[in-house]
A.B. asks: 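Have a look at this one before I ask anything.
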Amino acid sequence: MRKKIVAGNWKMNTDYPQGLWLASEVVNMVNDEVLSNVTVILAPPFSHLYGVGQLIKESPKVHLAAQNCGSEKSGAFTGEVSASMVKSVGAEYVIIGHSERRHIYGENNAMVERKIKLSLETGLYPIFCCGETLNERNSGKHFQVINSQLEEALFELTENEISRVVIAYEPVWAIGTGVNATSHQAQEIHHFIRNSIKEKYGESISDSTSILYGGSCNSKNAKELFCNPDVDGGLIGGASLKSREFVDIIKMI
Ligand code: PEP
């Protein structure tokens with residue numbers, strides 16, 4: 001059976017003490033309140049990875065992710081942080097291809113594919129983000145866009161490699177806007193993604209791939225999003241910065 005996952009993407013928020021405080025609150029609440037078999041992932045900024053990693057050792061349910069990694073192994077790339085660096089400070093997962101990376105920093109599918117390969121080689125589990133813009137949805141191109149993102153960034157992977165990838169469907173128009181995809185819209189795209197994996201890699205891999213929804217998910221809408229058969233949890237941005245709200249979302253799984 002595939003994993004249920006709720007991941008918190010803190011983006012460029014919290015200073016180091018605030019980050020440690022937030023992580024410790026989440027760990028305590030998860031330990032006390034979360035009974036279901038869910039994998040909780042925290043993705044703090046790079047600077048907090050080691051410290052947050054030390055804190056979450058207290059909780060077997062809580063795991064560590066980086067929000068990004070470099071597209072090269074090592075070398076003269078000032079300001080970049082490599083996949084092996086984030087692995088070496090305790091991260092198990094890495095978010096790759098987030099829409100903010102694609103749209104603000106110009107990352108394309110080829111670069112996303114390189115990062116996924118490097119993170120897999122390093123032993124990390126990539127959380128691959130895909131999703132269409134509002135214009136693309138309004139012009140009926142959403143399936144086509146998701147299809148190209150899958151084909152160009154993921155579908156060169158071997159069966160063994162794809163089995164280690166978590167997918168996050170994050171419609172760009174829903175990220176940080178307060179407008180979430182409806183339950184129907186989310187299920188429709190998640191089913192499309194799972195079916196594309198099935199066509200390419202077969203049923204056993206598609207059945208065991210976790211596909212998360214992201215985009216203005218909160219404790220009020222999480223239940224109706226998560227109860228869909230192809231939605232295996234969420235990638236949560238803004239709402240992951242408040243421990244109470246984040247843990248309430250986790251409890252909707
Ligand atoms: C995100 O950035 O991955 C995200 C889902 O953000 P938000 O929950 O704030 O829409």
Side-chain angles (χ1 to χ4, degrees), residues 1-7 9 38-39 41 65 93-103 107-113 115-117 119-120 125-134 136-175 180-217 221-222 224-237 253:
M1 211 30 211
R2 56 188 176 256
K3 270 189 195 164
K4 298 281 184 193
I5 299 174
V6 179
N9 173 15
V38 55
T39 298
I41 300 174
Y93 294 82
V94 56
I95 298 171
I96 295 187
H98 189 278
S99 75
E100 286 148 19
R101 300 299 318 171
R102 291 175 187 264
H103 295 282
E107 291 189 10
N108 58 22
N109 290 329
M111 192 181 282
V112 170
E113 182 187 39
K115 291 183 176 195
I116 288 179
K117 289 214 159 127
S119 54
L120 285 165
Y125 296 96
I127 302 173
F128 163 75
C129 302
C130 58
E132 80 286 357
T133 63
L134 188 58
E136 289 162 344
R137 177 160 282 264
N138 287 342
S139 50
K141 292 196 183 126
H142 38 299
F143 292 109
Q144 197 183 316
V145 169
I146 304 289
N147 185 54
S148 322
Q149 290 171 338
L150 294 172
E151 290 272 349
E152 291 170 30
L154 274 195
F155 283 0
E156 291 296 316
L157 297 179
T158 64
E159 289 185 4
N160 211 16
E161 288 170 330
I162 192 95
S163 307
R164 295 172 54 83
V165 175
V166 174
I167 297 179
Y169 168 57
E170 299 208 302
V172 181
W173 47 271
I175 296 182
N180 57 288
T182 63
S183 176
H184 172 76
Q185 286 170 324
Q187 169 57 23
E188 185 177 49
I189 298 280
H190 282 232
H191 179 72
F192 174 79
I193 293 171
R194 196 174 308 287
N195 204 47
S196 307
I197 300 171
K198 182 172 154 192
E199 279 171 11
K200 173 79 187 169
Y201 293 100
E203 191 153 10
S204 137
I205 290 182
S206 76
D207 264 356
S208 55
T209 302
S210 299
I211 308 177
L212 316 182
Y213 168 78
S216 296
C217 186
N221 58 30
E224 56 170 313
L225 288 160
F226 294 172
C227 71
N228 284 298
D230 289 301
V231 178
D232 305 306
L235 178 53
I236 317 297
I253 274 280

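Hydrogens, waters and symmetry mates play no part in the numbers below; they use all other heavy atoms, side chains included.
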A.B. asks: Testing the basics here: between Val172 and Thr133, what is the closest heavy-atom pair and its distance to 0.1 Å?
C.D. replies: CB-CA, 3.9 Å
A.B. asks: I need the full list of side chain to side chain donor-acceptor pair (under 3.5 Å) pairs touching residues 181-194, with sequence neighbours left out, sorted by first then second residue.
C.D. replies: Thr182-Gln185, Ser183-Asn228, Gln187-Asp230, His191-Asp230, Arg194-Asp230, Arg194-Asp232
A.B. asks: So, do Ser163 and Tyr201 sit near enough that their side-chain heavy atoms are less than 4.5 Å apart?
C.D. replies: no
A.B. asks: Roughly how far apart are Asn108 CG and Gln149 CD, rounded to 0.5 Å?
C.D. replies: 11.0 Å
A.B. asks: I need the minimum non-hydrogen distance between Asn180 and Gly215, along with the two atoms involved.
C.D. replies: CB-O, 3.5 Å
A.B. asks: So, taking the atom named CD1 in Ile41 and the one named CD1 in Ile127, what distance separates them when rounded to the nearest 0.5 Å?
C.D. replies: 4.0 Å
A.B. asks: Could you pull out all residues at least two apart from Glu132 that satisfy side-chain hydrogen bond (donor to acceptor under 3.5 Å, both in side chains)?
C.D. replies: Arg137, Tyr169, Trp173
A.B. asks: Kindly compute the distance separating CD1 (Ile197) from CG (Leu150), expressed to the nearest 0.5 Å.
C.D. replies: 6.5 Å
A.B. asks: Kindly say whether Lys141 contributes a backbone atom to a donor-acceptor pair with the side chain of Gln144 at under 3.5 angstrom?
C.D. replies: no
A.B. asks: Got more than 12 heavy atoms from elsewhere within 6.0 Å of NZ, Lys117?
C.D. replies: yes
A.B. asks: Distance from Lys200 atom NZ to Ile205 atom CD1, nearest 0.5 Å?
C.D. replies: 11.0 Å
A.B. asks: Does some side-chain heavy atom of Cys130 sit less than 4.5 Å from a side-chain heavy atom of Ile193?
C.D. replies: yes
A.B. asks: Taking all non-hydrogen atoms of both residues into account, name the closest pair between Val6 and Val38 and its distance.
C.D. replies: N-CG2, 4.1 Å
A.B. asks: So, do Phe128 and Ile167 sit near enough that their side-chain heavy atoms are less than 4.5 Å apart?
C.D. replies: yes
A.B. asks: Locate the shortest heavy-atom distance separating Asn221 from Ser216; write the atom from each residue and the value.
C.D. replies: ND2-O, 2.9 Å
A.B. asks: Determine yes or no for a side-chain-to-main-chain donor-acceptor pair under 3.5 angstrom, with Ser210 supplying the side chain and Arg2 the backbone.
C.D. replies: no
A.B. asks: Supply the atom-to-atom distance Glu161 CD to Ile116 CD1, rounded to the nearest 0.5 angstrom.
C.D. replies: 10.0 Å
A.B. asks: Under the criterion side chain to side chain contact (heavy atoms under 4.5 Å, CB included), I'd like the reasoning laid out for Asn195 against Lys198: C-alpha separation, chi angles, the key distance, then a yes or no.
C.D. replies: CA-CA 5 Å; Asn195 204 47; Lys198 182 172 154 192; 4.1 Å; yes
A.B. asks: Between Val166 and Leu235, does a side chain to side chain contact (heavy atoms under 4.5 Å, CB included) hold up when you go through it step by step?
C.D. replies: CA-CA 11 Å; Val166 174; Leu235 178 53; over 6 Å; no
A.B. asks: For Tyr125, does the OH atom sit with more than 12 other heavy atoms under 6.0 Å from it, leaving out its own atoms?
C.D. replies: no
A.B. asks: Looking at Cys129, is its backbone amide N or carbonyl O close enough to the side chain of Arg102 to form a donor-acceptor pair, meaning the two atoms are under 3.5 Å apart?
C.D. replies: yes
A.B. asks: Evaluate the side-chain proximity of Glu136 to His142: yes if any heavy-atom separation is below 4.5 Å, no if none is.
C.D. replies: no
A.B. asks: Determine the minimum heavy-atom distance between Ser119 and Ile96, stating which atoms define it.
C.D. replies: OG-CD1, 3.5 Å
A.B. asks: Under the side chain to side chain contact (heavy atoms under 4.5 Å, CB included) test, which residues partner Ser204, sequence neighbours left out?
C.D. replies: none
A.B. asks: If we ignore hydrogens and angles and just use 3.5 Å, is the side chain of Tyr213 paired with the main-chain N or O of Ala181 as donor and acceptor?
C.D. replies: yes
A.B. asks: Hey, are the side chains of Arg101 and Met111 touching, using non-hydrogen atoms and a 4.5 Å cut-off?
C.D. replies: no
A.B. asks: Can you find a heavy atom in the side chain of Leu120 that is under 4.5 Å from one in the side chain of Pro126?
C.D. replies: yes
A.B. asks: To the nearest 0.5 Å, how far apart are CG in Asn109 and CZ in Phe155?
C.D. replies: 12.0 Å
